[in-house]
Amino acid sequence: MKRIRLYVMAAVLAVAGIMAGQASAQVLRDADFNSIGRINGNGVVRDVTGRSAGSFDADGTVRDIKGNAVGVIKELEIFDMEGTRIGYINTDGTVRDGESNILGYISINDGKVTDAEKKTIGFARGVRVDWIACYYFFHFFDK
């Protein structure tokens with residue numbers, strides 16, 4: 001069962017990565033569909049004014065605006081810099097914290113991001129689900 005889960009996670013990441021890489025940058029939107037930032041295919045996160053807000057490295061390292069490592073993504077699991085798992089994403093798009101409590105959902109089909117009560121909090125179509133989770137649920141790029 002674990003092996004199947006890993007294959008499904010790899011497939012989801014591959015599809016999301018292909019979708020993210022096809023466009024130069026994908027718009028991040030709030031619940032009212034207003035632009036709040038962008039993430040390009042190389043993992044650079046920008047705020048609505050175009051200023052850098054951080055980045056995702058190819059090795060899974062998540063960096064803040066100053067380039068400091070603030071987290072790590074490994075196979076749909078998100079860790080802080082001390083190595084503590086602070087969350088993960090199920091293959092159905094459910095985002096959970098480190099204690100398996102539901103934080104919200106990411107629609108793989110249309111990029112809609114909802115909270116645990118299924119209230120829309122944003123949209124991020126064509127962006128990798130692990131990057132969406134870091135942005136909307138784990139707030140790695142908040143000032």
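FYI, side chains are in, hydrogens and waters are out, and symmetry mates aren't considered; it's all heavy atoms of this structure. The structure displayed is predicted, hence computed values, not measured ones.
The side chain to side chain donor-acceptor pair (under 3.5 Å) test applied to T49 returns D47, not counting sequence neighbours. Shown here are the side chain to side chain donor-acceptor pair (under 3.5 Å) partners of R63, two or more places apart in sequence or in another chain: D57. Every side chain to side chain donor-acceptor pair (under 3.5 Å) that T61 has, sequence neighbours left out, goes to D59.
Residue pairs meeting the ring pair (Phe, Tyr, Trp, His ring centres under 6.0 Å) criterion with at least one partner in residues 99-121, sequence neighbours excluded, are absent. Pairs of residues two or more places apart, or lying in two chains, that qualify as salt bridge (charged side-chain N to carboxylate O under 4.0 Å, His left out) and include a residue from residues 83-96 are E77-R85.
The heavy-atom pair separating F138 from V95 by the smallest distance is CE1-CG1, 4.0 Å.
The aromatic rings of W131 and F56 lie parallel to each other, with less than 30° between the two planes, well short of the 60° mark.
Here CD1 of I78 is found 4.0 Å from CD1 of I89. Values are rounded to the nearest 0.5 Å. Summarising the geometry, atom OG belonging to S55 is positioned 9.5 Å from atom CG belonging to N40; distances are rounded to the nearest 0.5 Å. Note that CD1 of I102 and CZ of F137 are 10.5 Å apart. Values are rounded to the nearest 0.5 Å. In this structure, CZ in R38 is found 8.0 Å from CD in Q26, a value given to the nearest 0.5 Å. In this structure, CD1 on I108 lies 12.5 Å from CZ on R125, to the nearest 0.5 angstrom.
Salt-bridge formation is detected for the pair R128/D130: a Lys NZ or Arg NE/NH1/NH2 atom is positioned less than 4.0 Å from an Asp or Glu carboxylate oxygen.
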Got a list of side-chain donor-acceptor pairs under 3.5 Å for residues 115-123, not counting sequence neighbours?
residue: D115; atom: OD1; partner: E117; partner atom: N; Å: 3.0
residue: D115; atom: OD1; partner: K118; partner atom: N; Å: 3.1
residue: D115; atom: OD1; partner: K119; partner atom: N; Å: 2.8
residue: T120; atom: OG1; partner: K112; partner atom: NZ; Å: 3.4

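Put simply, the side chain of Y135 reaches to within 4.5 Å of the side chain of I36, judged on heavy atoms. Using a 4.5 Å heavy-atom threshold, the side chains of F141 and V62 count as touching.
Linking Ile, Leu, Val, Met, Phe, Trp and Tyr whenever their side-chain heavy atoms come within less than 4.5 Å leaves I39 and V72 in two separate clusters. In this structure, I73 is a member of the same hydrophobic cluster as V70, with clusters built from ILVMFWY side-chain heavy atoms closer than 4.5 Å. F140 is connected to L76 through a chain of hydrophobic side-chain contacts under 4.5 Å among Ile, Leu, Val, Met, Phe, Trp and Tyr, so both are in one cluster.
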Assess whether side-chain contact (heavy atoms from CB on, under 4.5 Å) is satisfied between Y136 and L103, documenting all intermediate values.
CA-CA 10 Å; Y136 286 95; L103 297 176; over 6 Å; no

